[in-house]
Amino acid sequence: MNLLYNIAIQLTSVVLKLLSLFNTKLKLGVNGRATTFTKLNQLLHKKSKTLWFHCASLGEYEQGLPIFTELRKDYPNHIIILSFFSPSGYEIRKSAPFADLVVYLPLDTKQNAKRFISLVNPELTVFVKYEIWPNYLNELKNKNLKAILISAVFRKDQSFFKWYGSQTREALFAFEHIFTQNETSKKLLESINYKNVTISGDTRFDRVSNQLNIDNNLEFIKAFKNNKLCIVIGSSWPEDESLIIKFINNYSGTPVKFIIAPHNIKPKQIENIQSGLIKPTILFSKKEKQDLKQYDVFVLDTIGLLSKTYSYADIAYIGGAMGNTGLHNILEPAVFGIPIIIGKNYQKFPEAFDMIKNKGVKSISNFEKLSIVLNSLISDTDLRLTTGKQNEDFIKKNKGAVIQIMQYLRK
């Protein structure tokens with residue numbers, strides 16, 4: 001393993017510990033990783049049969065969930081270890097129902113990798129999307145332990161495909177099989193002579209499709225909507241909210257209800273949203289004993305309700321792409337057959353390219369363009385329904401990744 005990589009990981013450990021003194025999120029990760037081996041030792045013994053699933057954060061968890069759920073059914077007596085690198089994944093899903101233990105993944109040092117793999121000794125390891133930790137993967141390979149990568153996306157500017165990327169490239173060969181989202185990723189892998197690859201698509205299509213099979217009823221949202229046209233702003237950041245708030249404040253057309261579900265629900269951010277609005281606004285935390293139909297804007301200052309809330313939307317605006325934080329999940333609202341609006345920075349999200357090309361998603365770069373797109377979708381019912389139908393059909397067309405992956409694992 002590359003000496004420089006291992007030095008960098010050691011330095012990262014020191015830097016994270018220092019920065020955690022001033023950053024709550026980093027502190028959660030540092031403290032959480034410090035408890036991982038204790039938790040593993042308490043649960044596992046030498047005869048334990050285990051599976052190991054690893055996700056970077058919450059988005060990767062959502063991609064992996066359909067596979068994790070199926071594997072839980074196939075291996076009812078195995079101990080399932082689920083690991084996260086990011087606190088935003090661990091803190092929200094630390095009680096994942098299919099897992100026997102959820103932990104933070106210790107940093108990718110040789111010592112940590114040897115200790116972790118020795119303790120867990122997984123019969124099968126599943127990594128999601130683009131989590132490539134060389135020391136862990138090489139340890140799995142050295143012990144001839146089966147590992148696969150699902151919903152993988154690769155770009156030609158990544159180190160795997162550069163002259164200097166021999167060490168990270170080697171780690172890819174620890175995977176017995178890689179399931180990619182697209183043809184481009186498959187060709188990139190083949191360019192480095194990795195042959196065990198299948199284009200299965202994105203497991204998130206299967207994940208979001210399952211949303212249609214559950215009860216999405218939210219009585220308070222139904223009361224707030226009051227049979228009016230409803231626009232849901234999902235996972236918004238300040239860059240999104242500044243445009244949306246301006247639109248809401250200036251809107252004077254036919255009655256429309258707005259639901260804002262900010263990514264950051266810290267009190268200061270909620271206060272900024274609420275203080276910026278001049279239309280009657282209610283917070284989720286203040287909704288009790290209120291006549292919700294009297295309000296024009298509902299702010300979800302809570303988590304866990306957005307997927308169901310999309311079922312009440314006629315139009316969705318999805319945050320993250322107006323700034324540089326990264327576009328949030330546009331497949332969740334798409335499954336309900338509604339038009340979607342996003343910001344301009346979606347270059348790293350292949351589904352956004354495809355859905356824009358398919359004419360179900362509209363990308364805007366400023367307030368003027370947002371106003372044009374929103375006003376046209378509000379006023380033109382046929383356009384709104386036709387645009388939404390494009391998204392519904394796109395989801396249906398791209399389902400099936402779970403079937404392909406599970407067929408491989410069950411053979």
Side-chain angles (χ1 to χ4, degrees), residues 1-41 52-61 63-64 81-94 101-120 122 125-143 145 147 149 152-155 157-175 264 320 323-326 348:
M1 179 56 57
N2 191 300
L3 178 62
L4 291 177
Y5 175 81
N6 288 310
I7 292 173
I9 289 293
Q10 295 290 352
L11 289 174
T12 299
S13 177
V14 174
V15 171
L16 287 176
K17 287 178 180 177
L18 290 173
L19 293 178
S20 70
L21 298 174
F22 312 98
N23 184 292
T24 302
K25 184 175 180 180
L26 291 178
K27 186 176 182 179
L28 286 171
V30 169
N31 291 344
R33 274 182 274 277
T35 67
T36 294
F37 289 118
T38 299
K39 292 178 178 178
L40 290 172
N41 275 309
W52 173 30
F53 306 152
H54 176 66
C55 310
S57 190
L58 188 58
E60 290 75 23
Y61 171 87
Q63 284 182 303
I81 307 297
L82 171 65
S83 62
F84 287 98
F85 186 79
S86 168
S88 60
Y90 175 87
E91 296 300 328
I92 294 175
R93 293 292 179 255
K94 57 187 173 184
L101 179 65
V102 184
V103 296
Y104 280 97
L105 184 69
L107 289 177
D108 187 35
T109 66
K110 281 188 175 183
Q111 181 181 6
N112 284 343
K114 286 180 178 295
R115 187 178 178 189
F116 187 94
I117 299 303
S118 178
L119 280 169
V120 177
T125 296
V126 181
F127 277 30
V128 182
K129 198 172 183 179
Y130 40 48
E131 275 291 271
I132 310 296
W133 294 110
N135 283 315
Y136 280 102
L137 289 170
N138 280 294
E139 191 63 22
L140 288 170
K141 185 178 180 181
N142 291 339
K143 291 183 174 293
L145 294 170
L149 177 64
V153 176
F154 294 100
R155 305 184 310 276
D157 62 347
Q158 290 174 303
S159 63
F160 314 112
F161 313 109
K162 301 295 186 181
W163 63 267
Y164 53 81
S166 61
Q167 301 300 323
T168 53
R169 185 159 57 242
E170 179 187 346
L172 291 176
F173 286 82
F175 292 113
N264 184 351
N324 297 307
T325 52
K348 294 183 179 180

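- The two residues Lys141 and Ala174 make their nearest non-hydrogen contact at CB-CB, 3.9 Å.
- The number of heavy-atom neighbours closer than 6.0 Å to CD of Glu91, taken from other residues, nucleotides and ligands shown, is above 12.
- Taking CD of Gln167 as the start and CZ of Phe160 as the end, the distance is 12.5 Å to the nearest 0.5 Å.
- For Ser88 against Leu58, the heavy-atom pair with the smallest separation is O-CB, 4.0 Å.
- To the nearest 0.5 Å, the span separating CG on Asn142 from CD1 on Ile117 amounts to 10.5 Å.
- Each side chain to side chain donor-acceptor pair (under 3.5 Å) pair with one or both residues in residues 11-39, not counting sequence neighbours, appears once here: Lys39-Tyr90.
- Across all non-hydrogen atoms, the minimal contact from Gly89 to Ser57 is N-OG, 3.6 Å.
- Side chains of His54 and Val126 form no contact here, defined as non-hydrogen atoms less than 4.5 Å apart.
- In this structure the side chain of Phe53 never reaches within 4.5 angstrom of the side chain of Ser83, judged on heavy atoms.
- Note that the OG atom of Ser86 and the CD1 atom of Ile92 stand 8.5 Å from one another [nearest 0.5 Å].
- Side-chain atoms of Leu82 and Leu101, non-hydrogen and from C-beta on, never get closer than 4.5 Å to each other.
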Worked verdict on Phe84 versus Tyr61 for side-chain contact (heavy atoms from CB on, under 4.5 Å): CA-CA 9 Å; Phe84 287 98; Tyr61 171 87; 3.6 Å; yes
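- No side-chain heavy atom of Arg93 sits under 4.5 Å from any side-chain heavy atom of Val102.
- With Phe161 as the aromatic partner, Arg169 does not meet the cation-pi criteria of under 6.0 angstrom to the ring centre and within 45 degrees of the ring axis.
- Remark: Glu60 CD to Lys129 NZ distance equals 6.0 Å, nearest 0.5 Å.
- Between Tyr164 and Ser159 the shortest side-chain heavy-atom distance falls below 4.5 Å.
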Should Leu105 and Asn112 be marked as a side-chain contact (heavy atoms from CB on, under 4.5 Å) after you check the CA-CA gap, both sets of side-chain angles, and the distance that decides it? CA-CA 9 Å; Leu105 184 69; Asn112 284 343; over 6 Å; no
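- For the pairing with Tyr136, the side-chain contact (heavy atoms from CB on, under 4.5 Å) check across Thr125, Asp108, Thr109 returns one residue only, Asp108.
- Between Trp52 and Phe127, a ring centre-to-centre spacing shorter than 6.0 Å is recorded.
- In this model, a donor atom of one side chain and an acceptor atom of the other lie less than 3.5 Å apart for Asn135 and Asn6.
- Contact annotation: the side chain of Phe173 never approaches that of Leu137 to less than 4.5 Å [non-hydrogen atoms, C-beta and beyond].
- Note: Gln158 CD to Ile132 CD1 = 8.5 Å, rounded to the nearest 0.5 Å.
- Interatomic distance, Phe85 CZ to Glu131 CD, rounded to the nearest 0.5 Å: 7.5 Å.
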Kindly indicate, with the supporting measurements, whether the criterion side-chain contact (heavy atoms from CB on, under 4.5 Å) is fulfilled by Val30 and Tyr104. CA-CA 9 Å; Val30 169; Tyr104 280 97; over 6 Å; no
